[in-house]
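Structure record follows, encoded as structure tokens.
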Amino acid sequence: ADAEGEVSDYSLEKMAEGQARELARIDANAEELKSAWIDKLRGLAEARMRYDKEVYMSQKGATEVGWSKTANGQKTIEDYAEELMKEKEIAEAYSSVLTEIEAKRLRERKALQQQYTDAIIDSYGTTEQKIEKLTREWMAKIAALPQEYKGEAAKQMASEIQALRGKTDF
């Protein structure tokens with residue numbers, strides 16, 4: 001019995017370590033996506049800066065020194081990025097993507113945590129926890145089915161739940 005308990009403890013410990021690694025991977029991926037998106041804004045700001053400089057330099061008598069003395073010539077990439085963010089369309093699109101990246105990160109974390117919780121329920125859960133898990137899984141399956149198959153699927157779900165109820169917790 002002690003050996004079995006040690007194996008269970010070790011198994012749970014390894015599961016927790018795996019979950020921590022996966023959560024860190026999800027977070028790192030989200031940060032990479034955010035960073036790449038921020039770089040896109042920076043690239044757009046650089047393009048705007050180059051355009052302004054080209055327009056200035058196309059004027060008669062324009063020089064690099066003259067450019068550097070203009071208001072636009074004294075702006076940094078960050079200044080250009082701030083100006084871009086004042087444009088409603090750009091700000092909304094930029095914000096929308098960052099919001100979606102964060103929402104995706106949260107969905108992935110939640111799904112992973114549910115996956116690990118489900119694995120623990122499979123091994124150690126009470127009958128009620130197993131029924132809740134089974135119901136959740138069946139509801140997701142049923143939601144994806146065409147209407148004409150939902151009735152039969154609901155019967156199969158009820159049958160599996162009934163079989164679980166027949167087992168008792170010790």
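Below, each value reflects all heavy atoms present in this structure, side chains not excepted, and no hydrogens, waters or symmetry copies. Residue numbers count from 1 along this sequence.
Taking every heavy atom of both residues into account, Ala153 and Ile142 meet most closely at CB-CG1, 3.7 Å. In this structure, Ala119 and Met15 approach most closely via the heavy-atom pair CB-CE, 3.2 Å. Of all the heavy atoms in Lys130 and Ile121, the pair that sits closest is CE-O, 3.2 Å. Annotation for Ile26 and Arg109: closest pair CG2-CG, 3.9 Å, computed over non-hydrogen atoms. Between Ala45 and Ala81, the shortest heavy-atom distance links the atoms CB-N, 3.6 Å. Among all heavy-atom pairs drawn from Gln74 and Lys69, the shortest one is NE2-O, 3.4 Å.
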Requested in this report: For Arg42 and Glu78, run salt bridge (Lys or Arg N to Asp or Glu O under 4.0 Å): C-alpha distance rounded to whole Å, both residues' side-chain angles, the deciding distance at 0.1 Å, then the answer.
Outcome: CA-CA 7 Å; Arg42 187 175 177 79; Glu78 288 71 27; 2.6 Å; yes
Query raised in the report: Can Glu87 and Arg48 be said to form a salt bridge (Lys or Arg N to Asp or Glu O under 4.0 Å), step by step?
Result: CA-CA 13 Å; Glu87 295 179 26; Arg48 178 79 56 96; 2.9 Å; yes
Query - Check against salt bridge (Lys or Arg N to Asp or Glu O under 4.0 Å), Lys133 and Glu137 - result: CA-CA 6 Å; Lys133 177 183 173 268; Glu137 290 170 348; 2.9 Å; yes
Query - From CA spacing to verdict: side-chain contact (heavy atoms from CB on, under 4.5 Å), Tyr80, Asn72 - result: CA-CA 9 Å; Tyr80 273 92; Asn72 282 344; 3.4 Å; yes
Report task. Show the numbers, then the answer: is there a side-chain contact (heavy atoms from CB on, under 4.5 Å) between Met157 and Lys141? Result -> CA-CA 10 Å; Met157 177 181 81; Lys141 286 180 198 176; over 6 Å; no
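Leu23 contributes atom CG, which lies 5.0 Å from atom CG of Leu112 (distance to the nearest 0.5 angstrom). Note: Glu108 CD to Gln115 CD = 12.0 Å, rounded to the nearest 0.5 Å. For the atom pair Ile131 CD1 and Leu164 CG, the distance stands at 5.5 Å (nearest 0.5 Å). Interatomic distance, Asp79 CG to Leu84 CG, rounded to the nearest 0.5 Å: 11.0 Å. Note: Glu128 CD to Arg165 CZ = 6.0 Å, rounded to the nearest 0.5 Å. From Leu134, atom CG reaches atom CE of Met139 across 11.5 Å, with rounding to the nearest 0.5 Å.
Taking hydrophobic clusters as Ile, Leu, Val, Met, Phe, Trp and Tyr residues chained together by side-chain heavy-atom distances below 4.5 Å, Val55 does not share a cluster with Met57. Connection of Leu41 to Ile77 is not established within any shared hydrophobic cluster, with ILVMFWY side chains joined at heavy-atom distances below 4.5 Å, either directly or through further cluster members. Hydrophobic clustering keeps Tyr51 apart from Leu44 (ILVMFWY residues linked when any side-chain heavy atoms are closer than 4.5 Å, directly or through intermediates). Both Ile90 and Ile101 are part of a single hydrophobic cluster, where members link through side-chain heavy atoms under 4.5 Å apart. When the side chains of ILVMFWY residues are joined at heavy-atom separations under 4.5 Å, either directly or via intervening members, Met85 and Met49 end up in two distinct hydrophobic clusters.
Comment: Lys53 engages Glu64 in a salt bridge, judged by a side-chain N to carboxylate O separation of less than 4.0 angstrom. Salt-bridge check for Glu132 with Arg136: passed, with a basic side-chain N closer than 4.0 Å to an acidic carboxylate O. By the 4.0 Å N-to-carboxylate-O rule, Lys104 lies too far from Glu100 to be salt-bridged with it. Salt-bridge check for Glu102 with Arg105: passed, with a basic side-chain N closer than 4.0 Å to an acidic carboxylate O.
A donor-acceptor contact shorter than 3.5 Å links the side chain of Gln129 to the backbone of Thr126. Between the side chain of Ser159 and the backbone N or O of Lys155, no donor-acceptor pair lies under 3.5 Å. Ser68 contributes a side-chain N or O that, together with a main-chain N or O of Val65, makes up a donor-acceptor pair within less than 3.5 Å. Between the side chain of Asp27 and the backbone N or O of Ala24, no donor-acceptor pair lies under 3.5 Å. Panel note: side chain Ser95, backbone Glu92; no donor-acceptor pair is recorded below 3.5 Å.
When the shell of 6.0 Å around NZ of Lys40 is examined, it contains 12 or fewer heavy atoms from other residues, nucleotides or ligands.
Lys110 is not listed as a side-chain neighbour of Arg107, based on a closest heavy-atom distance of 4.5 Å or more.
Using the six-membered ring where Trp is involved, Tyr94 and Trp37 have ring planes that are parallel, under 30° apart on the 30 and 60° scheme.
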